[in-house]
Amino acid sequence: MSTSVISTPQNPTSGSLQRKTPRLGTCQLRLRNGDNLDFSDPAATMQLTKTLLKQDFGLEIELPHDRLCPPIPNRHNYILWLKTLLDTSSYRQPGGKLCGLDIGTGASCIYPLLGTAQRPWCFIATDVDEKSLDYARKNVKVNGLEERIRVVGRKPTESLIPLDDLEVQSIDFVMMNPPFYTSESEMISSAEKKARPPHSTCTGAPVEMICEGGEVAHVGRLLQESLLLRDRVQWYTTMLGKASSLELLIEQLRKHGIDNYAVAELVQGSKTKRWTLGWSFGPMRPSEAAARAVKTGFIKGLPPVAKFNLLQLPDMYDCNPLARRINEIVGALELESWVWEAQSLKGIGRARENVWGRAWRRKKQRAISGSEIPPGTEPGLTGSDNCKLGFATTQERLSTNTVGLVALDDFRKRRAEVLEQQEREAREAALAALSAARTANSTPDRSLTGTPNNAAANVSSADNSEAEKHKKKKVKRAAKALVSFAGDDEEEEGSEPVISKKDKKHAPKGVGGDAEKGESENVASGGNSDAESRKLAPKKLTVNSSVSIVPRVLTKSALRREAAEREALRKEFLQLQAAVKATEIAIPFVFYDGTNIPGGMVRVKKGEFVWVFLDKSRKVGAELGVGGDKLANARRSWARVGVDDLMLVRGSIIIPHHYEFYFFIINKTVGPGNKRLFDYSAEAPLVSHSTEADPSDLLSTPGQPSSKALPDIRSLEGASDDPTFTKVVDRRWYQRNKHIYPASVWQEFDPEKDYQSEIRRDPGGNAFFFSG
């Protein structure tokens with residue numbers, strides 16, 4: 001958050017104030033501590049306020065002696081925090097025209113005066129005290145701000161936010177400085193508990209200092225109204241005087257499911273501390289400087305940290321390899337969108353939840369395997385991988401195998417394959433380790449080396465004769481194999497080579513003929529059981545003659561060659577993808593407010609976001625003066641409309657702002673009625689292969705236009721599409737009419753939904769008789 005820019009010292013002297021304004025010389029001020037200004041004198045503090053406003057902001061005010069005299073640094077810090085909050089939570093350029101509501105503006109009307117002095121803002125200022133309203137109107141008039149500040153009187157029983165009463169559709173922010181105390185006795189007891197007398201005098205009236213329930217009840221009333229108005233106001237903000245009140249109100253926000261809120265601490269010197277609280281129903285979160293601007297104390301329930309400083313690199317450090325690695329890691333996460341700017345080394349991503357934590361990986365593992373994962377372990381991870389929390393090995397494989405993917409479904413399939421492969425390798429490694437351990441620690445089985453049962457052998461001698469003949473034939477068939485694997489470099493563990501007849505002559509003793517002879521003797525003896533013969537007879541490797549493809553040998557050179565080919569294909573794909581994204585298209589559209597208002601045509605690139613199209617359509621609406629038949633000054637009204645106030649409706653699907661057109665084009669996304677949402681080509685445009693450059697294009701002068709002009713928008717792809725298929729809708733109009741057809745059948749785009757098999761239903765659950 002920005003710091004205060006008040007030029008007057010914190011404790012100015014009488015002489016310095018007289019140099020600022022000649023009127024101070026006529027005031028009889030009581031000094032203390034030498035030449036310092038006595039803040040306990042109401043006349044001195046009032047003149048100081050007037051001097052600061054005149055010197056730093058060029059404002060003049062008149063104040064009654066029985067109303068609050070606002071401390072300028074405190075009020076100015078509130079405005080500074082509000083500017084940071086609004087600038088970092090909107091797509092609009094900072095410093096634009098905004099409209100705000102000041103609840104309880106007071107006699108000074110200080111917040112609207114400070115806001116209009118620094119930004120092109122306009123205000124609605126309300127109050128319930130008639131005397132304060134009279135002085136507020138005088139201060140607005142003396143500064144010539146009647147067109148930008150509207151002072152409105154309200155009753156205590158009326159709503160705090162009078163949008164419907166004033167016939168205002170929406171505003172950008174609400175600010176409020178509620179009374180601190182619940183009763184006069186509480187205010188007196190609070191002053192008595194202080195160890196020292198107050199640093200400055202207080203001239204506030206009871207109507208400004210006391211309200212039923214105090215600041216918690218007053219802000220709670222604002223919270224209840226915000227639950228009804230919701231996004232008709234972008235930010236609801238208030239100042240608080242107690243840290244305990246702040247924590248109680250944060251609990252109320254969380255109870256109502258509001259997680260987009262901001263907390264700041266306003267400190268003026270070392271004697272006064274205030275807090276500000278703001279909440280919003282919009283999708284964009286503010287920056288860290290606005291949302292967690294608390295430095296001198298601990299506040300329970302601060303918003304979650306949205307920014308981390310992982311490391312700082314020296315000035316001469318080459319950041320390109322690290323930047324590429326960051327792009328690969330973050331790009332492999334399940335983000336809604338991820339845009340990496342290679343030139344500025346900056347990436348912007350959007351996520352619905354924490355998709356980078358270990359809890360998310362465990363959750364996805366359970367979803368894939370369909371079973372619970374034991375605590376402290378993850379499937380597919382052994383040894384050193386568990387020490388790395390399953391991130392390094394899994395992430396490296398995932399980033400390597402998902403390079404160049406665009407569709408979310410392809411990424412999920414590839415990720416499932418990687419996890420399955422990792423689990424399979426882990427199981428094979430575990431089985432190999434178990435087999436090796438059994439081989440090393442094997443002991444003879446007493447059941448196999450005991451005395452044979454001769455009686456049982458004599459009884460079943462007739463039956464065993466046929467089995468012995470069958471085993472002899474089986475051994476002979478196995479010995480006829482002429483293929484040998486003895487020369488292979490890599491043999492599987494636990495397998496023995498099959499010796500061909502040609503190699504029996506050169507076979508070592510105990511192998512080949514001797515082994516076969518021993519085996520035949522064991523079979524002929526008939527003294528051992530079938531289980532014994534299966535354990536003693538090793539399994540032979542035979543050739544699968546039905547396979548006609550010879551497997552390749554995975555040597556290091558082959559792996560390097562395969563990696564080089566994969567990298568070349570990846571670069572080629574990225575070049576094609578960049579070419580497709582840079583291709584311009586034309587999108588005809590209409591403005592919709594119950595009727596189709598012709599809007600024209602907008603030129604965008606396939607790789608641009610939806611909000612870029614809405615920003616260009618907003619400018620088209622301002623140029624054409626759309627809505628001039630309903631509004632007195634349509635251009636001025638369009639200047640107040642931001643990108644967040646507009647919606648793109650393609651058919652009956654509401655397209656969110658953060659999506660790229662490329663996402664729908666490359667995936668050929670189909671909407672209701674089996675119609676593609678954006679029916680544009682996903683192929684790269686043809687590139688001219690001529691290498692000769694025109695000498696006239698090598699030099700350019702400021703007065704000479706470029707010879708490479710943009711192509712005519714009517715020649716771009718999509719110029720002949722039906723403009724009524726693309727509607728630009730005011731979000732406020734949609735909120736008021738979403739229960740009326742056709743807005744009642746509009747639905748926000750869901751990438752997981754199959755619109756082809758969807759059954760269209762009305763809000764009552766009844767299926768439509770038509771499709772599309």
Side-chain angles (χ1 to χ4, degrees), residues 159-172 174 222-236 256-258 260 279-284 589-599 610-611 614 617-618 621 626-627 629-631 637-638 640-659 671-673 675 677 722-772:
S159 60
L160 297 176
I161 309 176
L163 296 186
D164 296 332
D165 297 342
L166 301 178
E167 297 182 355
V168 177
Q169 296 300 327
S170 65
I171 55 178
D172 296 287
V174 169
L222 177 66
L223 174 58
Q224 293 299 324
E225 293 188 14
S226 71
L227 295 175
L228 299 176
L229 297 173
R230 299 188 71 84
D231 53 2
R232 292 182 65 182
V233 180
Q234 183 182 355
W235 278 97
Y236 303 85
H256 291 287
I258 302 175
N260 187 11
W279 64 93
S280 174
F281 296 92
M284 291 194 65
F589 70 97
V590 296
F591 294 100
Y592 189 81
D593 60 350
T595 59
N596 292 326
I597 303 175
V610 171
W611 66 265
L614 291 175
S617 64
R618 179 182 65 87
V626 175
D629 54 340
K630 300 180 181 180
L631 301 174
S637 300
W638 274 104
R640 296 177 181 175
V641 174
V643 177
D644 295 333
D645 301 326
L646 299 177
M647 298 167 42
L648 171 60
V649 182
R650 190 79 171 175
S652 62
I653 301 298
I654 302 174
I655 309 298
H657 289 50
H658 62 272
Y659 276 96
K675 184 176 182 180
L677 291 179
D722 182 11
T724 60
F725 186 67
T726 305
K727 300 180 181 63
V728 177
V729 185
D730 191 334
R731 190 180 297 274
R732 296 162 292 188
W733 178 90
Y734 173 72
Q735 293 295 333
R736 295 193 308 269
N737 300 276
K738 59 184 178 182
H739 61 286
I740 304 174
Y741 185 84
S744 60
V745 299
W746 293 350
Q747 53 183 322
E748 187 170 353
F749 174 73
D750 185 1
E752 304 293 337
K753 192 172 185 179
D754 184 8
Y755 293 98
Q756 295 180 351
S757 60
E758 178 191 16
I759 300 177
R760 303 288 302 281
R761 300 181 184 273
D762 61 7
N766 302 314
F768 286 133
F769 291 103
F770 59 88
S771 62

Please enumerate all residues that pass salt bridge (Lys or Arg N to Asp or Glu O under 4.0 Å) together with Lys753, with sequence neighbours excluded. Glu758
For [X], check side-chain hydrogen bond (donor to acceptor under 3.5 Å, both in side chains) against everything at least two apart and list the hits.
X	value
His657	none
Ser280	none
Asp165	Arg154
Arg618	Asp615

Under 3.5 Å, is there a donor-acceptor pair between the side chain of [X] and the main chain of [Y]?
X	Y	result
Lys727	Thr724	yes
Asn260	Gly282	yes
Trp638	Val626	yes
Glu225	Ser159	no

In terms of the angle between their ring planes, are Tyr659 and Phe749 parallel, tilted or perpendicular, with boundaries placed at 30° and 60°? perpendicular
Could you check whether the rings of Tyr236 and Phe281 sit parallel, tilted or perpendicular, using 30° and 60° as the cut-offs? perpendicular
Roughly how far, to the nearest 0.5 Å, is CG of Asp750 from CD1 of Ile654? 12.5 Å
How long is the span from the OG atom in Ser617 to the CH2 atom in Trp611, to the nearest 0.5 Å? 12.0 Å
If you compare all heavy atoms of [X] against all heavy atoms of [Y], which two are closest, and at what distance to 0.1 Å?
X	Y	result
Phe725	Leu677	CE2-O, 3.7 Å
Trp279	Ser226	NE1-OG, 3.1 Å
His256	Leu227	ND1-CD1, 3.5 Å
Arg731	Leu646	NH2-O, 3.6 Å
Gln169	Arg232	O-NE, 2.9 Å
Pro598	Phe591	O-CD1, 4.3 Å

Are any of the side-chain nitrogens in Asp730 or Arg736 under 4.0 Å away from the carboxylate oxygens of its partner? no
For Asp644, all residues meeting side chain to side chain contact (heavy atoms under 4.5 Å, CB included), sequence neighbours excluded: Ser90, Tyr91
